[in-house]
Amino acid sequence: MDEKYFAKKIEQKWQRIWAERAAFKAAVEDGRPKFYALEMLPYPSGNLHMGHVRNYSAGDALAWYKRLRGFNVLHPIGWDSFGQPAEDAAVKRGVNPRKWTEDNIEVMRGQLQRLGLSYDWDRQMYAHRPEYYKFDQWFFLKMYEKGLAYKRLTQVNWCETDQATLSNEQASGGLCWRCGNPVTKKDLEQWFLKTTAYTDQLLDDMAEIEAGWPQHVLKRQQDWIGRSEGAYVDFKVRIATGALGNMPKDAPASIRVFTTRIDTIYGANAVVVAAEHPVIAAHRATLPANVTAKIDQIIEENLKPRDRETEIEKDGIDTGIKVLNPFSGEALPVWVGNYVMMDYGTGAVMSVPAHDERDFEFAKKFDLPIRQVVSEPHLVHEHHTMQALALARPFTEYGVLVHSDYWNGKTSEQAKKEMADWAQKHGFGETATTYRLRDWGISRQRFWGSPIPVIYCDKCGVVTEKYENLPVRLPENAPITGTGESPLAKVPEFYETDCPNCGGPAKRETDTMDTFVDSSWYFFRYTDPTNETLPFDPAAAAYWTPVDQYIGGDDHAVMHLIYARFWSKVMRDLGLVNFNEPVKRLLTQGMVVGETFYDDESGKRVYHPPPTVSVERDSKGKMTRAVSADGKALKFAIERMSKSKGNGVDPDEMVEIYGADASRLFVMFAAPIDNELVWNETGIEGAVRFIQRVWRLIYKWRDHIGVTAEPQISSAAAGKLRQKTHQTIKRVSDSFEGLQFNTPVAALMELSNAIADIGVEPEQSGEDERFAVREALSALVLMLTPFAPHTSEELYSVIVGNENGMLANGAVFPEYRPDLAKASEIEIPVQVNGKLRSRLMASPDTANDELQRMALLDEKVREFTDGKEIVKVIVVPKRLVNVVVKA
RNA sequence: GCCGAGGUGGCGAAAUUGGCAGACGCACUAGACUUAGGAUCUAGCGCCGCAAGGCGUGCAGGUUCGAUUCCUGUCCUCGGCACCA
């Protein structure tokens, strides 16, 4: 054993031993319980960043912990290797996307290996390789057969900057999820997967995972799916007279609206429809020019990119068309409104300004009547005598119905149900549920993705590729221009084919699949990574899945995690798996952020990389001033790491300077896993110091800890150390079970401090002390393994005297012994009127009345109680005594 | 605007969920060892105060013998969604 700790030396050594021994190879077996530890797979951009390090360090810690706890652990890694950056690289630098991707994987695999992550490297999956994407296509065919994949013309979200179509999720907020620029619309024929076939299951099955998933993730998914319960109501279009002329022949006889507040229907002052609504198209010829002009203007406005910040002003126009309120019989005008969206509900709403914010705003602007029909219960009486109360703002709560004929006096809850039933009974409506969730558009006009296995034949129409012809392989390359046409459409060798049906000439689909398809089922592939006939063997999946613990960033809270849940349900219905939910427990780790320095004189932030900035601190160490290299005073902030801000940290550099173990330990220790982590360079040195302290402890005691027989009696020092050891075992185990990674490190630091403070030199130590130190050191080393595996393996090899590694030696996580963890004497704080005044030393078994007696006799306590009436004394067993006195 | 998470020393954070606020670490201060220290060791380190003591978990109240923890109100920060009828 070296006297000094050389990180690089031992890290290389143990990485070699692990590889030689295939230490982390997983196999299906009987006996031990299984544990599937999964981290979100990386996109092979070419560089690992600190977010990866944090994610994978946590996953690895858990994998090691479970191994040492006797589990058969599956801990795999793979590559989300389809996607746009490869094409960007092709456009910018003319490189082949496949080569670019493979090269990047090579580099990043090296980075992961240098971190010493305990993956089963034999199970890697690569999304871009035919062996994998073959089954993207296989799944597509299965879904097509089940009617879960279909094609339709649609307006797609289009990002001008990235020249890409985007899913609703990727375009959420009207901004491109990748570049943040505004999204526009474009008409295209697109393939869809019917996620909406599973909306209710996606919602209801959340009950199964409630305990293991962060509440906020489930909430966000819930909001995203957006189930809302209400009713459809049909408003008959009245045969118009006068200026409007006769009703066009093919015009709909009624307009169907969706409402969640049918109880407010007597307050409707209009029906407002989307500009794209069919009723408008049908009547268009008869509408006055100023109306059609306005409608066209609104349509045009809707296509424009939307600025997230500015609220859109209500706009609209009265079409002149009239409809009848089926409840009141009242004739209402039909307006076009820019705030009604064609793709939600029915594209038409009944406008009830008194009870809806938007309708209120609309009515105010166009001076439409506002009639209150739901009242706060205590004001109901007022409404008998007046037409309507003037409303300063809409009343959107539930209440009691007024001015609603037969329904007066009913509560909103009652009325909602009864009025919907009434509508159904009379044939002009029904209860209904609508959702925000749309089907998943998976077509991408991209080269670097899985080809959609569909063929278009002039004679047979849409024909799917045969299973035996899968995979539909990507050509070696394609002319990638970045202009938004499918590159495959320019490769005749690819698209020219024969119809699988009639054998005649036909063309392949040239769009490829969204890369979220790959990540929707990759973690099943790990269970059987080389299967050539099926995505995976159901038996292998049955053993390993569902995933016991999934760890990743919460930026995937909706998209990836909804798609993956959807995919599992489809797989269940295909008979591949027999459960509803693929992930039992989910942990979302926070971002890694760093200090940034910038000046904003020009109105725009100009960033200065931290190494070029000199920083002044006050006597407490607080940053007071930052100055750039050319002497400019800079502002500072904490922001997400990025190249442009210059505050990124290269994991490779960290490993080079401080070692993988120290880097990983620090990342785990620095903050709770779900918090943001502010990177600061100095903190990591503390991790190095800690590892070195442990190293020195083993070095110091290395020749004196061969004692393996538990001694009968213990000195005070030995007893105290053993107590600390077992308390620490409990704390660390509890932390792991609760997925806390920062507090166990603190506990291990305390234990190492306690060993250092034992107060006996090895040479002078007794048998009992040597045993206590051995116990403490081996517990420390084993418990440190999940955070710093290389160092721990090395130190463990010193303790046991061989270099086979912990797992081969059958090492297990130390067992907590309550009898040893128990203190012989504890400190009991004594309060007077809730304020700490003294402390008592007592045995933990001291009876309550004895503690009370001791407290009252205590000199410090008496200073505050003498001459005062003692009202009562509260004794919390083993915790505290509080004496209550009257002043 | 709506939804969610969160405000504890100079900083990252602990606190067995109602019982000693600030464990552990970073930074800082002083000292020791040293030719040297960006190594190591020792001590100190919430604020006010010479001290006794007082104050202190965003702020204001409340419940309680006792509140970082529970309740009410309020302010702020960060994330998500955004005309979803």
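The model shown is predicted, which means the values in this text are computed figures rather than measured ones. Just so we're on the same page: letters track the sequence lines, and every chain starts at 1.
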According to a strict under-4.0 Å criterion, is A:Arg393 in side-chain N/O contact with OP1 or OP2 of B:rG1? no
Atom C1', compared across B:rG61 and B:rA67: separation rounded to whole Å: 14 Å
Would you indicate what A:Asp674 reaches in the nucleic acid, counting non-hydrogen atoms under 4.0 angstrom: base, sugar-phosphate, or nothing? nothing
Check this for me: does any side-chain nitrogen of one of A:Arg696 and A:Glu3 sit under 4.0 Å from a carboxylate oxygen of the other? no
Which nucleotide in the list B:rU40, B:rA13, B:rG25 gets nearest to the side chain of A:Arg689? B:rU40
Please state the C1' separation for the pair B:rC47 and B:rC65 - nearest whole angstrom. 27 Å
Between B:rG58 and B:rU64, how far apart are the P atoms? Round to whole Å, please. 23 Å
Aromatic contact, A:Phe666 with A:Trp679 (centres under 6.0 Å): yes
Should A:Asn675 be listed as having a side-chain N or O under 4.0 Å from OP1 or OP2 of B:rA13? yes
Output every pair passing salt bridge (charged side-chain N to carboxylate O under 4.0 Å, His left out) with a member in residues 213-228 of chain A, not counting sequence neighbours, ordered by first then second residue. A:Asp200-A:Arg227, A:Asp204-A:Arg227, A:Lys219-A:Asp223, A:Arg227-A:Glu229
Between A:Phe669 and A:Phe690 (judged by ring centroids, cut-off 6.0 Å), do the two rings come close enough to count as a pair? no
With a 4.0 Å cut-off on heavy atoms, is A:Gln215 in touch with a base, just the backbone sugar-phosphate, or nothing at all? nothing
Could you run down the sub-3.5 Å N/O contacts of the protein with nucleotides 63-67 of chain B?
from, atom 1, to, atom 2, distance (Å)
B:rC65, O2', A:Asn882, ND2, 3.4
B:rC65, O2, A:Asn882, ND2, 2.5

Test of understanding: with ring-ring contact (aromatic ring centres under 6.0 Å, His included), list the residues that count as partners of A:Phe360, not counting sequence neighbours. none
Atom NZ of A:Lys822 with >12 non-hydrogen neighbours under 6.0 angstrom: no
What interatomic distance, in whole Å, is found between C1' of B:rA60 and the corresponding atom of B:rA82? 33 Å
Determine the contact category for A:Lys365: base if any of its heavy atoms lies under 4.0 Å from a base atom, sugar-phosphate if only primed atoms, P, OP1 or OP2 are that close, otherwise nothing. nothing
